[in-house]
Amino acid sequence: MSTETLQAEMKGTAAQPAPAAPCAAKPKKRKAVGKIIGYTILIIYCLFLFLPMYTILATSFTSQFQLTSTMSFVWWPEFTIQPYIDVFEQDPYAWSNGISSFALGFLNTLWITLIPLVVGLVVSGLSAYSFSKLEFPGKEKLFVVEVFMSMIPLGAFGIISYIFYSMIGWTGTVLPLIVPGLFGSVGTMFFLRMYFDGVPKQIFEAARIDGLGQFGCFFRMMIPLAVPAFVAQFIFGFVGGYNSYMGPLLYLNGQDEYITLQLFLSRVSTVFTGTGMENVHCAAAVLGMLPLIIIYCFSQKLFINGIAVGGGKE
Amino acid sequence: MTDRSETIAAEADVSAIEEPAVAVRDRNRKKKKGKWTLQSVFALVLALLPLIGFVIFSGFTLVISFIAMFFNINIYDLTDPFVWNNFRAFWLVFDPNYYPNDFAINVSGYFYKSLGITFWIACAQLISLTIAIGISWLLSKKWRGSNVFMVLFFVPYICSGVAVSLMWRWVFNGNFGFINAIFGTEIDWLNEPMAVPWIIILAIVWQAPGYGIVMYRAAFAAVDPALYEAASLDGANEWQKFRYITLPSISPTTFYLLIAGVGAGLLTYDMAALIAPQGWGDNIGGPENMGLTLMRLVYWLIGDSVVRTEDAFASCASVISWVLFLFTGVASMILFRIRDRRMKDVY
């Protein structure tokens, strides 16, 4: 299953003539009414999604003076970008790290997310390559065991794993957020293997005969051939890592030098609530959402097709 | 095993007599298959990597939390001897009438309260699913602009739970809230115990359907158009077509989303913890604990066991984690079972 097949499928249905187009006048009228009702529902749902977003956007451009003098929701603020400057200047961690906590949180989020994600993808890819293109005894049995294990819903142990990490002395460090990811994941491996199986084995044999090693086959042939699969997994890994809150909160244990963006956001909301600086916390929330939304704007096709193909990840 | 693969290889040889070069290569490969060479060991190690990570990090967590149910452990100093707790953690969690003298906190009270709230939050996934089906049905009509709507509807899914919670807190803010501004009320929603679970559910329902809508797009596109044509010839109306053709055709996607959604709902943490943060005293889950989910209770118990190392808090947290694990496991098993039965009905 590739993105192309999917798109072709969608286009195929789009090109199909609309079902039920008998030219009687009465159904046509009913169809128009149905269309109006349908659009109304879609627009109401749009309002439900975007009115709340508008409220924080509006407040994030409201000055503190206007906010405290009206003491109610301001629909059309007198435009100011001071709240956005305050996100950097009014540090909720009292400048304990020397640089703006927002910037620090953003940078920390990037490396804490990207290192395990990229290494994990390569490792899962190697594992999938081994299952798909190499031979060893008991291969299919091992595959079944791995996939079965990955189906056990272990999310419930997300917090209690703190006991294990404190036992090996990893709490208060970034290790619990990074090291488990370095081993890749069975889910990703499973998905990549399905993709790899679609690539004919013969081209790798040809490359082997021409003197390319197994790693060369993987890095110089399989990865370029399977770019869409890796991109789909990367996007959802990145969205999940960027947005994750519970893990950093639990393991970082108030170590301020490792704060992530989401920890910064939650800190802002506790520190600035009730001080008349809610505009700053709205601005922080907008800034926090902005990077992913910008990426999404430029690559919505990748996101939407990736989720339909890869099933996404939580 | 080796014998069989060799006979297969031999058979392959017989069938490939016309192409000697390929046959020789084929035979060499097939001969390697059943044997341990340096290369096959290497392949096995590569294949095992994700499993190794899984065994180390999930396996040990499972084992230690299992032990922790029955022993009082000091989670910061594991060299302390484990003390057999005589099933005390189970009594503390499950029996509302068990009040030992040295234990000031009513764990079972919190447990049953959070159980109910977690249940309702998990049920909210049905609302998300209904919205996702309805909206993607409308989008599947391929009216003008349906792709733009699709792109817009997916936006909430990429927003972080923290930002979404801040957003809804702001919408329901007592002074500056948008809701109070529209309805002219002056209710402090976030401190209203009855309102808190609904705000959490609203925030989840705001975020969750985007994923379902995208998943359903492919499912709706895969429904055989010939079925619709046949139905219209038979005089079926839109509702009948939806009920008897669309719904059964998309049911695999529906069950997948239901399993994933209910699982995620049972493990709700971010939204609940940020919309109803811990208050003073007994209000560990917001006003009157109405925002207390099971995950939050586990988090709170673990957090407190840091302070009170001698107590059975880590044990209680382990017991609740295992209960939650059973719930998620049973929920997905029931849904798998229903799905299998449904599949038999359909085909």
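Just so it is clear: chains get the letters A, B, ... in the order the sequence lines come, proteins before strands, and each one is counted from 1. Hydrogens, waters and symmetry mates play no part in the numbers below; they use all other heavy atoms, side chains included.
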**Message:** Run A/Tyr245 and B/Tyr269 through side chain to side chain contact (heavy atoms under 4.5 Å, CB included) and show every step you take.
**Reply:** CA-CA 9 Å; A/Tyr245 170 65; B/Tyr269 178 86; 4.1 Å; yes
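- Of the two parts of A/Gln300, only the side chain, counted from C-beta on, holds a non-hydrogen atom closer than 4.5 Å to a non-hydrogen atom of chain B.
- When side chains are defined from C-beta on, A/Pro52 does not count as touching B/Phe178, because their heavy atoms never get closer than 4.5 Å.
- Within the 4.5 angstrom heavy-atom criterion, no atom of A/Leu182 approaches chain B.
- Contacts of A/Tyr39 with chain B are made by both backbone and side-chain atoms, with heavy-atom separations under 4.5 Å.
- Ring centers of A/Tyr296 and B/Tyr157: at least 6.0 Å apart, outside the cut-off.
- Proximity to chain B is limited to the side chain of A/Leu142, based on heavy atoms less than 4.5 angstrom apart.
- Heavy-atom distances place no part of A/Lys133 under 4.5 Å from chain B, backbone and side chain included.
- Neither the backbone nor the side chain of A/Cys297 has a heavy atom closer than 4.5 Å to any heavy atom of chain B.
- Contact of B/Leu48 with chain A is made through backbone and side chain together, with heavy-atom distances under 4.5 Å.
- Proximity to chain A (any heavy atom under 4.5 Å) is restricted, for B/Ile213, to the side chain, taken from C-beta onward.
- Both the backbone and the side chain of B/Leu49 come within less than 4.5 Å of a heavy atom in chain A.
- In this structure, chain B has a heavy atom under 4.5 Å from the side chain of A/Leu51, while its backbone stays farther away.
- For a residue to count as touching a neighbouring chain, one of its non-hydrogen atoms must lie under 4.5 Å from one of that chain's; by this rule B/Phe54 touches chain A with the side chain only.
- Residue contact with chain A, scored on non-hydrogen atoms closer than 4.5 Å, involves the side chain of B/Ile182 exclusively.
- Judged as a side chain to side chain donor-acceptor pair (under 3.5 Å), the pairs with a partner in residues 145-156 of chain B (not counting sequence neighbours) are, in order, B/Asn147-B/Arg217.
- Looking only at distances, no side-chain donor or acceptor of A/Asn243 sits under 3.5 Å from a matching main-chain atom of B/Gly161.
- Using a 4.5 Å cut-off between heavy atoms, A/Val239 contacts chain B through its side chain alone, with no backbone atom that close.
- Looking at A/Leu263, there are no atoms closer than 4.5 Å to chain B (heavy atoms on both sides), in backbone or side chain.
- Within residues 283-290 of chain A, the residues having any heavy atom closer than 4.5 Å to a heavy atom of chain B are A/Ala285, A/Met289, listed by residue number.
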